[in-house]
Protein chains: 2
Amino acid sequence: MSADSPAGRAPARNKRADAVRNEQTLLAAAAEVFVTSGVDAPIRQIAARAGVGLGTIYRHFPTRAELVTAVYRHQIEACAEAGPRLLADAGSPFDALRQWIDLFVDFLVTKHGLADALQSDSSRFAALHTYFLDRLEPVCAQLLAAAVEAGDIRPGTQPYELMRGIGNLCVGRDSDPRYDPRRLIDVLLQGLRRSGPA
Amino acid sequence: MSADSPAGRAPARNKRADAVRNEQTLLAAAAEVFVTSGVDAPIRQIAARAGVGLGTIYRHFPTRAELVTAVYRHQIEACAEAGPRLLADAGSPFDALRQWIDLFVDFLVTKHGLADALQSDSSRFAALHTYFLDRLEPVCAQLLAAAVEAGDIRPGTQPYELMRGIGNLCVGRDSDPRYDPRRLIDVLLQGLRRSGPA
DNA sequence: AAACTAACTGGAGCAACGTTCCGGTTCAGG
DNA sequence: CCTGAACCGGAACGTTGCTCCAGTTAGTTT
């Protein structure tokens with residue numbers, strides 16, 4: 001797509017100053033609203049918070065997914081970049097994988113309703129889903145491959161499937177204190193290890 | 001709650017014949033609409049299919065969850081009853097657990113969007129969630145306990161958490177052919193086994 | 001500096017949906 | 001057959017996503 005605005009470098013000479021300003025305002029407003037009302041908050045609410053009209057918000061972010069992506073882009077990026085670093089620093093590839101997944105879960109869980117949005121009705125949010133996966137799946141694949149290589153886990157696990165599964169397990173975390181996705185993700189990780197661990 | 005209509009025995013002497021008729025029509029219509037449009041289908045669509053007004057549907061099933069519950073009640077019941085039977089018939093408690101989970105997953109997966117609904121925004125569907133768990137959690141607990149007793153799996157797993165996790169893993173199954181919840185559920189089950197299997 | 005134009009803005013407006021409410025209708029008992 | 005209580009249908013209201021365009025403004029040209 002266009003490599004312009006959301007990266008946030010120079011004002012991109014053909015973009016008007018007020019438009020840039022509005023985009024920033026919108027991102028800030030959306031971020032605020034997301035923490036209180038979740039990523040499903042009514043567009044009108046975000047527009048009101050930013051003090052702009054509906055047209056403006058749709059002009060800058062035609063779909064909700066694009067807005068959510070823009071708001072969380074740098075965090076996703078951080079998560080992606082942490083992958084190789086963990087692989088280098090952690091004691092074992094399996095540890096690296098575990099820690100990376102922890103990071104990922106942290107991200108999903110601290111954003112109110114993000115996990116729900118990611119998985120729910122795939123038509124909305126499709127772009128969000130895509131962006132997450134495009135960026136993070138290779139990282140996951142690398143960690144997975146390293147762990148297989150080291151003999152920590154058995155081969156055959158698809159990165160895509162694992163990431164979706166983890167995302168799914170994070171859905172609806174707030175609804176019941178008895179449900180803690182981390183425990184299950186731990187079990188899942190255990191299941192990934194070689195059966196007879198030599 | 002009231003042990004009247006949905007059980008389907010005698011017409012419950014204080015309920016009018018047309019009301020009973022409508023309730024049946026509604027259930028049939030809802031079942032049909034659910035398979036084509038998912039459990040999120042617009043109320044109006046169900047009402048139209050049944051040839052009744054909106055008021056009627058709300059009178060019989062004040063919340064969507066109650067309608068869904070009523071439609072699937074006998075299948076949930078069947079799943080619940082299968083638990084003890086599997087425990088008696090299967091080769092090991094672990095096998096019984098595995099088969100029962102298979103049944104559960106079948107149920108969730110064949111109903112378009114049921115899993116999504118079960119987990120999504122907890123306020124709607126809350127009753128559905130509750131009914132599922134009230135009925136099925138004890139069964140799951142029994143299977144789990146038996147498997148622990150037999151030394152097949154390690155102790156400490158909460159039935160509630162396991163069921164929610166499995167339900168979550170089934171969310172959004174149709175959106176991508178690369179995602180097959182069963183594979184992950186298998187991994188999860190492996191993770192439940194004792195680490196050092198003696 | 002003034003005029004011009006392309007981009008941007010705001011919100012009215014439409015459609016879809018959930019839900020409530022009540023006037024009219026119909027069943028069941030007398 | 002008569003009557004009232006239960007039931008029915010759908011109009012109506014509030015909320016939401018999204019489109020569309022008349023009016024405004026920023027940046028450029030003369």
Side-chain angles (χ1 to χ4, degrees), chain A residues 2 4-6 10-27 29-30 33-34 36-68 113 116-117 120-128, chain B residues 2 4-5 10-27 29-30 33-34 37-68 113 116-117 120-128:
Chain A
S2 58
D4 45 39
S5 44
R13 75 158 167 278
N14 56 354
K15 197 156 208 185
R16 264 169 54 168
D18 55 343
V20 174
R21 222 181 311 129
N22 262 331
E23 191 165 307
Q24 289 311 111
T25 311
L26 272 174
L27 281 176
V33 171
F34 284 172
T36 54
S37 308
V39 293
D40 265 321
I43 296 287
R44 279 174 174 80
Q45 189 179 340
I46 300 170
R49 176 69 154 249
V52 305
L54 278 175
T56 305
I57 203 166
Y58 275 104
R59 162 174 297 268
H60 287 294
F61 307 99
T63 73
R64 183 184 289 271
E66 290 177 56
L67 178 57
V68 178
D116 302 52
S120 74
D121 188 273
S122 43
S123 57
R124 292 169 73 198
F125 293 115
L128 178 60
Chain B
S2 59
D4 45 39
S5 43
R13 73 157 171 280
N14 55 353
K15 197 155 209 186
R16 266 169 53 167
D18 56 343
V20 174
R21 220 181 312 130
N22 263 331
E23 192 165 306
Q24 290 310 111
T25 310
L26 234 22
L27 280 176
V33 172
F34 284 171
S37 308
V39 294
D40 265 319
I43 296 287
R44 279 174 174 81
Q45 189 179 340
I46 300 171
R49 177 70 155 245
V52 305
L54 280 173
T56 305
I57 205 167
Y58 275 102
R59 162 176 298 268
H60 287 294
F61 307 99
T63 73
R64 182 180 226 96
E66 290 177 55
L67 178 56
V68 178
D116 302 52
S120 73
D121 188 273
S122 44
S123 57
R124 294 168 75 200
F125 293 116
L128 178 60

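Throughout, a chain's letter reflects where its sequence line sits, starting with A, and its residues are numbered from 1. Computation of the quantities below employed the complete heavy-atom set of this structure, encompassing side-chain atoms and omitting hydrogens, waters and symmetry-equivalent molecules.
- The distance between atom CZ of Arg21(A) and atom C1' of dA7(C), rounded to the nearest whole Å, is 14 Å.
- Inter-residue side-chain proximity for Phe61(B) and Val68(B) is flagged as unmet; no heavy-atom pair is nearer than 4.5 Å.
- Going from atom CZ of Arg59(B) over to atom P of dA6(D) covers 10 Å, rounded to whole Å.
- Side-chain proximity of Asn22(B) to dC8(D), dT9(C), dT19(C): nearest is dC8(D).
- Of the side-chain N and O atoms in His60(A), one or more sit less than 4.0 angstrom from OP1 or OP2 of dT9(C).
- Between the Thr56(B) side chain and the Val52(B) main chain, no donor and acceptor come within less than 3.5 Å of each other.
- At a threshold of 4.5 Å between non-hydrogen side-chain atoms, the residues Glu23(A) and Lys15(A) count as touching.
- A distance of 10.0 Å separates CZ of Arg16(A) from CG of Asn22(A), quoted to the nearest 0.5 Å.
- Residue-to-nucleotide contacts include no donor-acceptor pair under 3.5 Å from the side chain of Arg16(B) to the base of dA28(C).
- The separation between Lys15(A) atom NZ and dT28(D) atom P is 16 Å, rounded to whole Å.
- Arg44(B) places no side-chain N or O within 3.5 Å of a backbone atom of Gly53(B) that could act as its donor or acceptor partner.
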### Task
May I have the step-by-step check of side-chain contact (heavy atoms from CB on, under 4.5 Å) for Ile46(A) and Leu67(A), ending in yes or no?
CA-CA 11 Å; Ile46(A) 300 170; Leu67(A) 178 57; 4.0 Å; yes
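- Summarising the geometry, the separation between CZ on Phe61(A) and P on dT9(C) is reported as 11 Å, rounded to the nearest angstrom.
- Computed from coordinates, the Glu66(B) CD to dG18(C) P distance equals 16 Å when rounded to whole Å.
- The CG-P distance, from Asp18(B) to dG24(C), rounds to 19 Å in whole Å.
- With distances taken from any side-chain atom of Leu54(B) to the nucleotides dT9(C), dC7(D), dA12(D), the minimum falls on dA12(D).
- Of the residues in residues 38-51 of chain A, those placing a heavy atom less than 4.0 Å from an atom of DNA chain C are Arg44(A), Gly51(A), in numerical order.
- Considering only heavy atoms from C-beta on, Tyr58(A) comes within 4.5 Å of Ile43(A) through its side chain.
- Rounded to a whole Å, the CD1 atom of Ile57(A) is 16 Å from the P atom of dC8(C).
- Projected onto DNA chain C by closest heavy-atom contact, Ala19(A) and Thr63(B) fall at different nucleotides, the more 5' of which corresponds to Ala19(A).
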